[in-house]
Protein chains: 2
Amino acid sequence: MVSPLSEQPSPKQNHLLAALPTEIFERIAPYLELIKLPLGEVLYESGDQLQHVYFLTSAIVSLNYLMENGASAEIAGVGNEGVLGVSILMGGNTTTSRASVHTAGHGYRLKRQVMMNEFNRGGPMMALLLRYTQALMTQISQTAVCNRHHSVEQQLCRWLLLTLDRLPSNELILTQELIAGMLGVRREGITEAAGNLQRAGFISYRRGHITVIDRLGMEGRSCECYKVVKNEFHRLLNDLGRHE
Amino acid sequence: MVSPLSEQPSPKQNHLLAALPTEIFERIAPYLELIKLPLGEVLYESGDQLQHVYFLTSAIVSLNYLMENGASAEIAGVGNEGVLGVSILMGGNTTTSRASVHTAGHGYRLKRQVMMNEFNRGGPMMALLLRYTQALMTQISQTAVCNRHHSVEQQLCRWLLLTLDRLPSNELILTQELIAGMLGVRREGITEAAGNLQRAGFISYRRGHITVIDRLGMEGRSCECYKVVKNEFHRLLNDLGRHE
DNA sequence: TCATCTACGTGCGCTAGCATACAGACGACA
DNA sequence: TGTCGTCTGTATGCTAGCGCACGTAGATGA
């Protein structure tokens, strides 16, 4: 396991950047700009014209939609497995969702035009990003399904597991209030669900710190959505090295 | 308004095909295969390797996810505004959802390889399909949001409006049971919501036929999700003619 | 015209999750 | 060490939507 905090940031911590052929990586490397991403930072609001894509390394970002009445719901999450700002590649340049940091850390950003130039070469970079886009679509789809049919506890498990997969440690720095905001449920609902999981011995926590003790237990308690998303990411992005 | 049934199928009824520059359209036209799509036809199951993309003209297809316990939930819908099978372009070649026809009609299909060849030229076809993909993502996202926060009645309005936008008439051939299956709710819930809408004078129906009388009324009764999706489709795909 | 099937209406008890309110408890910081 | 703001636990009612069950009315075909 990698030490979460002491480690020096490196672009290769991002799985997509790590999967690029050397030639391409070296071509874009000079343009990668290290960015510190503190908790709560908003990378873009709904409707903003995006100027960069962000390859995250240690930070985790939530894409969520803010409703007219102020309520919100998470659409998907992005961490070291992916990239933020695919709408630049799709040609829309903006989305209806907002992107905010829920786990502080770092990432590397690339200017819109640099990204576009590389994407439009049509090689491995394009293939990689399109595959990631499909994986992201699967994640969003599964959010829809999960919101429809699954309990708060199941959704909490799914969310914690997906978040955990993006971190080097098994401790999450998160308040229940924050999680509730992500899932679009009441804080009390999270308190109850988290209480159950703690009593069952799957997690333990103190104010703002959740430690996952029994990962397998959590997976059993989660709905199928977690596995669906994870398997699809694996299928689409695991054998990237062979793509060159 | 176009006559729904008597009309001869033509590829240009599909908005994406209609938006293509003449040169490109004529290049692929010989490969377009007219397909009749009866109610209930399954174009692909979860996990199937896709062999074609489908440009729909009069049919409407639902992308939905079937859960382990047999329940289901719609992820998005596709009609004459779009194309079915973007996962071919994304490189995944399959998805976790199934695609089934909920409004009978026609469409044109294109073999995987023909589609890929054209897409990989990187011109207007690629730009068009990527923009459509982003619009589809917005639709899926909004499904997630809607499932989280909105009432069955609001969701029904959204769904009917989105379906209506894909049809030339204002009559839908659909049972309440079918709609319930799409939305992932009970049939009784649809009965109740539809009853309210009928009493309010927005729709009228007889067994399996829903006629929308007051479209604006429906929009007022729907949640914001309908407008968000519609606006985003408009923004991303409306000025396609100018793209050449 | 009748039989039958399918779609639609309705009622009843139940539960998850909501809104609101309040109390205790941890931890940062002075 | 004490204070205070924030986070967490818990209680009470309320409502939307669920599961189940049954009745009725269009449609369809012999």
Side-chain angles (χ1 to χ4, degrees), chain A residues 38-40 67 69-74 102 104 144-160 171-200 203-211 221-223, chain B residues 39-40 67 69-74 102-103 145-160 171-200 203-211 221-223:
Chain A
L39 175 64
M67 296 180 24
N69 67 12
S72 80
E74 184 173 84
H102 73 70
V145 171
C146 208
N147 283 351
R148 169 88 289 159
H149 288 293
H150 298 137
S151 70
V152 169
E153 183 179 308
Q154 289 175 309
Q155 293 183 48
L156 175 61
C157 288
R158 168 182 63 92
W159 195 89
L160 289 177
E171 187 187 7
L172 318 177
I173 316 290
L174 285 164
T175 66
Q176 299 186 347
E177 184 107 36
L178 209 67
I179 299 176
M182 300 290 160
L183 294 182
V185 300
R186 286 177 318 146
R187 195 264 312 159
E188 292 89 331
I190 300 297
T191 301
E192 191 185 339
N196 292 340
L197 295 176
Q198 168 135 271
R199 258 165 268 133
I203 64 175
S204 85
Y205 61 87
R206 38 181 254 281
R207 290 166 74 84
H209 298 249
I210 301 185
T211 306
R221 204 108 167 191
S222 169
C223 46
Chain B
L39 175 65
M67 296 177 27
N69 68 11
S72 81
E74 184 174 84
H102 73 68
T103 294
V145 171
C146 208
N147 284 351
R148 170 88 288 157
H149 288 293
H150 298 136
S151 69
V152 169
E153 184 180 306
Q154 289 175 309
Q155 293 183 48
L156 175 60
C157 288
R158 167 181 64 89
W159 195 90
L160 290 176
E171 188 188 7
L172 318 178
I173 316 291
L174 284 166
T175 66
Q176 299 185 348
E177 184 106 37
L178 208 68
I179 299 175
M182 300 289 160
L183 295 181
V185 300
R186 285 180 318 150
R187 195 262 314 159
E188 293 91 327
I190 300 296
T191 301
E192 191 184 340
N196 292 340
L197 295 176
Q198 168 135 272
R199 258 165 267 135
I203 64 174
S204 85
Y205 62 85
R206 37 179 256 281
R207 288 167 75 84
H209 298 249
I210 301 185
T211 307
R221 204 110 166 190
S222 169
C223 46

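In what follows, chains carry the letters A, B, and so on, assigned in the order in which the sequence lines appear, proteins first and then strands, with residues in each chain numbered from 1.
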Please report the distance, rounded to the nearest Å, between CD in B:Gln198 and P in C:dG9. 7 Å
Nearest whole Å is fine: how far is C:dC18 P from A:Ile190 CD1? 9 Å
What is the distance, to the nearest angstrom, from the CG atom on B:Asn196 to the P atom on C:dG9? 11 Å
Which ones in residues 144-152 of chain A lie close to DNA chain C, meaning a heavy atom under 4.0 Å from one of its atoms? A:Ser151, A:Val152
What nucleic acid atoms does B:Gly208 come within less than 4.0 Å of, heavy atoms only: base, sugar-phosphate, or nothing? sugar-phosphate
Validation row: A:Thr191, A:Arg186 side chains within 4.5 angstrom (heavy atoms): no
Rounded to the nearest 0.5 Å, what separation is found between the NE2 atom of A:His209 and the CG atom of A:Leu174? 10.0 Å
With a 4.0 Å cut-off on heavy atoms, is B:Gly195 in touch with a base, just the backbone sugar-phosphate, or nothing at all? nothing
Tell me the interatomic distance from A:Leu39, atom CG, to D:dT6, atom P, rounded to whole angstroms. 14 Å
With respect to the phosphate group of D:dG9, does any side-chain polar atom (N or O) of A:Gln176 fall under 4.0 Å of OP1 or OP2? yes
Rounded to the nearest 0.5 Å, the CG atom of A:Leu172 sits from the OG1 atom of A:Thr211 at a distance of 7.5 Å
Under the 3.5 angstrom rule, does the side chain of A:Gln155 hit a backbone N or O of A:Asn147 as a donor-acceptor pair? no
Rounded distance in Å - CG (A:Asn69) to C1' (C:dC18): 13 Å
On DNA chain C, does the nearest nucleotide to B:Arg186 precede the nearest nucleotide to B:Glu177 from the 5' side, or the other way round? Give the residue. B:Glu177
Please tell me if the side chains of B:Leu39 and B:Ile173 come closer than 4.5 Å, counting only heavy atoms from C-beta onward. no
Which protein N or O atoms sit under 3.5 Å from an N or O of nucleotides 22-26 of chain C?
from	atom 1	to	atom 2	distance (Å)
C:dC26	O2	A:Arg207	NE	3.2
C:dC26	O2	A:Arg207	NH1	3.2
C:dC26	O2	A:Arg207	NH2	3.2

Inter-residue atom distance B:Glu188.CD - B:Glu177.CD, 0.5 Å rounding: 8.5 Å
What is the distance from CD1 of A:Ile179 to C1' of D:dC7, rounded to the nearest Å? 12 Å
One should read off an interatomic distance between A:Thr175 OG1 and A:His102 NE2, to the nearest 0.5 angstrom, of 11.5 Å
Measure the CD1-CD distance between B:Ile203 and B:Glu171 for me, rounded to the nearest 0.5 Å. 12.0 Å
State the SG-CE distance between B:Cys223 and A:Met67, to the nearest 0.5 angstrom. 8.0 Å
Which whole-number value in Å describes the distance from A:Ile173 CD1 to C:dG27 P? 13 Å
Please give, in whole Å, the distance from C:dC18 P to A:Glu192 CD? 10 Å
Just to confirm, is there a sub-4.0 Å distance from OP1 or OP2 of D:dG26 to any side-chain nitrogen or oxygen of B:Tyr205? no
